[in-house]
Amino acid sequence: MGIVKTNAAPPPNFIRNIIAEDLKANKNEGRVHTRFPPEPNGYLHIGHAKAICLNFSIAAEFDGMCNLRFDDTNPTKEEEEYTESIKEDVRWLGFDWEDREFYASDYFEQLYEYAVQLIKDGKAYVCDLSADEIREYRGTLTKPGKDSPYRTRPAEENLDLFTRMRAGEFEDGSRVLRAKIDMSSSNLNMRDPVIYRILRATHHRTSDKWCIYPMYDFTHGQSDSIEGITHSICTLEFEDHRPLYDWFLDELKIFHPQQIEFARLNLSYTVMSKRKLLELVRQGVATGWDDPRMPTISGLRRRGYPPESIRNFCDRIGVAKRDSIVDIALLEHCAREYLNERAPRVMGVLRPLRVVIDNYPENQVEELDAPNHPTDTGMGTRKVPFSRVLYIEQEDFLEDPPKKYYRLAPGREVRLRYAYFIKCVDVVKDEQTGEVVEIHCTYDPKTRGGDAPDGRKVKSTLHWVSAAHALKAEVRLYDHLFIKANPGAEKDGADFKADLNPHSLETLTSCYIEPGLAGALPGSRYQFERQGYFCVDHVDSSGGALVFNRTVSLRDTWARIQKAQKR
RNA sequence: UGGGGUGUCGUCAAGUGGUAAGACACGGGCCUUUGGAGCCCGCAUUCGGAGGUUCGAAUCCUCCCACCCCAGCCA
């Protein structure tokens, strides 16, 4: 079957309903066969993930199959690099197309034969009009087009010309093969569409074998037909093309898949078109397709999103026909939900503040026990070293705390997670700037492990790290790529890049993490307690130098309280 | 102003003539050695609008309005 066992059955949607009905009516002898048909001209993004999950999970649900097929009909835009990345991404998402890896270019010979068949049937003709002329003859949305003077060429002449097009006798763009349909159709796709063009470009798979290439519209439906696809699921913009695909299939008298269209995914605070994504990459706004701020699969992977969380997201957003923008908060929620269960807990201080425990013996080091997960005891425990000099988070100490601030302040006692209660007794400031550079505390030896035998409570628990033992690390904090939910949508013709978030990346280079993280594997994911989920960057972590990408922060109630207080 | 689509909570989205699921977000409470997690509660008298049919309409009919897609030898 070729499908990874994923979540429970995804929720129903109109496409599944249609297929269920078809099955009930024994259409296609009860066979369900889908396909994911990317063009290898860019990297996959989360919108593609929606299509991938839909096609593969439908196949799984109805005991069918799902093919991977590259729609590689335009050699000027397509590259090997892209097909490799696409395969990697689909695999990483957890899907398996087994031996059904196909290319539209596999069908070039067959497609050529189909074209010949159309010519012989008087349903296609070679047109000598230039591109500009074809555009003129096409008419407009409100005005019908007019027939090409070459429309009435006899079949034998068309056949001869088409053969010679293939043989390379004519210049690029000098002639074209067109379907003979209806120049006055209200559907522009039916106004004698071009189905073959002369194009001398080296194809990444067929090399220089061809100098004519079929158009997508002449390729897609027939490729589905050849593969026996029962349900061709695609996005809304192809709804207008369906009559054309139907026309080809009917004229050619070949197996007729059923096309069903759904709305593509839009996510708030990002962009999803390959064109825009490519622009961000080319102009260096993003460091590459796999920049962790990108909505690409490779970007999300590098950011630390587990594939399970993406699949779950795709199940939850539903499938429908209306244009919509899904709140990116749902994606983030899916990551938190999965990671909360699976990510080992660890302590890391992002913006260190030095803490000296005055009454702790100078050279003493204790190895304290810390569970790797608050509820899943199966994840075991680890030792964390504690000593006289520690680092805590700068924001966890305030000399003059506002109302509802529970953390450390002069004279106040808090708990260091898995360690001791400490009380702040002194503050050292920079004489020039007045900035707090170090604080002094005392600890209560009787609170080892974090509980006071006398039952006294503290209002907060802080994460920490032993200065002498901590590892230095770089941490990259990410925020939404754009400051607008729908970038570039405010005013007409506005450049979407005007809405870029200037603070989408914050790099922290002097973070301290607990020593147990030494040798953490690239791609491994942790929760830094009280901070968020982090993933070891597999590109920039090298040798002993660890670089962490923040996947998502934890929900931050304190931040919300602060926001409310400001208002 | 041609054709094809779509309009249900802040955001997604079920619902297909029997009286508005669910999720995220948001608000409140409980609990807590992560201000995390978890648990509980609240959150559309109303389905783009106006008429009509019906005992009964988000669902059927009529008209209107808004938004999206199409004039590549791109996919």
Side-chain angles (χ1 to χ4, degrees), chain A residues 11-14 17 37-39 41 71-74 76-78 127 129-131 134-136 138-145 172-178 185-191 193-199 213 215-217 219-220 235-243 261 263 265 268 274-275 316-334 336-337 340-341 345 347 370-371 373-375 404-407 415-419 421 447 449-451 457-463 485 527-532 553-561:
Chain A
N13 57 55
F14 80 100
N17 294 344
E39 180 191 12
N41 69 341
D71 273 334
D72 54 351
T73 54
N74 186 352
T76 64
K77 288 189 179 167
E78 295 147 9
C127 182
L129 254 25
S130 70
I134 286 182
R135 182 166 39 249
E136 280 175 40
R138 184 156 34 225
T140 68
L141 294 180
T142 48
K143 284 194 197 72
D172 284 13
S174 60
R175 275 182 241 259
V176 98
L177 184 70
R178 292 228 249 168
S185 173
S186 52
N187 181 346
L188 304 223
N189 295 123
M190 303 299 272
R191 321 244 260 228
V194 170
I195 59 180
Y196 261 93
R197 75 280 218 186
I198 304 173
L199 190 62
Y213 291 95
M215 298 292 291
Y216 171 86
D217 278 350
T219 306
H220 191 79
T235 43
L236 254 29
E237 67 271 25
F238 295 107
E239 210 152 16
D240 279 349
H241 297 239
R242 193 174 57 216
E261 308 86 4
L265 170 67
S268 59
K274 272 200 234 177
R275 195 209 97 220
R316 295 226 228 171
I317 54 178
V319 179
K321 295 191 75 160
R322 76 181 74 126
D323 285 316
S324 60
I325 301 177
V326 174
D327 192 341
I328 198 167
L330 179 59
L331 213 213
E332 296 168 346
H333 167 81
C334 290
R336 288 194 188 100
E337 184 180 61
N340 174 50
E341 244 176 75
R345 309 293 130 120
M347 290 191 286
H373 191 100
T375 54
K404 291 194 181 169
Y405 183 86
Y406 302 150
R407 282 109 99 147
R415 170 170 41 234
L416 290 181
R417 181 135 237 229
Y418 312 129
F421 283 13
T447 58
D451 280 312
K457 302 287 184 197
V458 288
K459 292 208 83 171
S460 94
T461 300
L462 310 186
H463 60 280
Q527 183 197 98
F528 286 8
E529 293 211 40
R530 304 208 308 132
Q531 293 285 168
S553 65
L554 254 24
R555 283 181 68 226
D556 191 345
T557 308
W558 170 235
R560 217 167 304 175
I561 293 170

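Throughout, a chain's letter reflects where its sequence line sits, starting with A, and its residues are numbered from 1.
Of the candidate nucleotides B/C12, B/G35, B/A75, B/C12 has the atom nearest to the side chain of A/Ile325. Distance from the side chain of A/Arg322 is smallest for B/G7 among the nucleotides B/U34, B/C73, B/G7. When distances are taken from the side chain of A/Arg560 to each of B/U1, B/C26, B/U34, the shortest belongs to B/C26. Of all nucleotides listed (B/U34, B/G5, B/A13), B/G5 comes nearest to the side chain of A/Lys321. The side chain of A/Ile317 has B/C12 as its nearest neighbour among B/G35, B/U34, B/C12. Residue A/Thr142 places its side chain closer to B/G2 than to any other of B/G2, B/A75, B/U34. Proximity note for A/Asn340 (side chain, C-beta onward) versus B/G36, B/G35, B/A14: the nearest is B/G36. Closest to the A/Val326 side chain, of the nucleotides B/C12, B/U34, B/G27, is B/C12.
The ring-ring contact (aromatic ring centres under 6.0 Å, His included) test applied to A/Tyr418 returns no partner, not counting sequence neighbours. Looking at residues two or more places apart in sequence or on another chain, you find a side-chain contact (heavy atoms from CB on, under 4.5 Å) between A/Thr461 and A/Arg415, A/Arg417. Checked against side-chain contact (heavy atoms from CB on, under 4.5 Å), A/Ser130 has the following partners two or more places apart in sequence or in another chain: A/Asp132, A/Glu133. With sequence neighbours excluded, no residue forms a salt bridge (Lys or Arg N to Asp or Glu O under 4.0 Å) with A/Arg336. Scored by the side-chain contact (heavy atoms from CB on, under 4.5 Å) test, A/Asp172 finds A/Ile198, A/Arg200 as partners (sequence neighbours excluded). Annotation: side-chain contact (heavy atoms from CB on, under 4.5 Å) contacts of A/Ile325 (sequence neighbours excluded): A/Asn266, A/Ser268, A/Asn486. By the salt bridge (Lys or Arg N to Asp or Glu O under 4.0 Å) test, A/Asp240 is found to be paired with no residue, residues two or more places apart in sequence or in another chain being considered.
Counting distance only, with no hydrogens placed and no angle test, the side-chain atoms of A/Gln531 and the base atoms of B/U34 include no donor-acceptor pair under 3.5 Å. For A/Arg407 against B/G35, a side-chain N or O and a base N or O form a donor-acceptor pair under 3.5 Å.
Taking for each of A/Glu239 and A/Arg345 the nucleotide of RNA chain B with the nearest heavy atom, the 5'-most of the two is the partner of A/Glu239. Of the residues near RNA chain B, A/Phe528 and A/Asn17, the one whose nearest nucleotide (by heavy atom distance) lies more toward the 5' end is A/Asn17.
Between A/Arg555 and the phosphate of B/A37, there is a side-chain N or O to OP1/OP2 separation shorter than 4.0 Å. Taking only side-chain nitrogens and oxygens, A/Arg336 never comes nearer than 4.0 Å to OP1 or OP2 of B/C24. In this structure, A/Thr73 does not reach the B/C74 phosphate: none of its side-chain N or O atoms is under 4.0 Å from OP1 or OP2. Listed pair A/Arg316 / B/A13 fails the phosphate criterion, with no side-chain N or O lying under 4.0 Å from OP1 or OP2.
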Problem - Heavy-atom protein contacts under 4.0 Å, nucleotides 66-72 of chain B, coded B base, S sugar-phosphate only, - none - result: --SBBBS

Exercise for the section: With pairs defined as Watson-Crick or G-U wobble and both distances under 3.5 angstrom, please note down RNA chain B as a dot-bracket string, | for pairing with another strand. Expected result: .(((((((.[[[..)..(...]]].(((((.......))))).....[[[[[..)....]]]]])))))).....

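Distance OH (A/Tyr196) to C1' (B/C74): 17 Å, rounded to an integer number of Å.
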Practice task
Determine, stepwise, if the pair A/Thr76 / A/Asn74 fulfils side chain to side chain donor-acceptor pair (under 3.5 Å).
Solution key: CA-CA 5 Å; A/Thr76 64; A/Asn74 186 352; 2.6 Å; yes

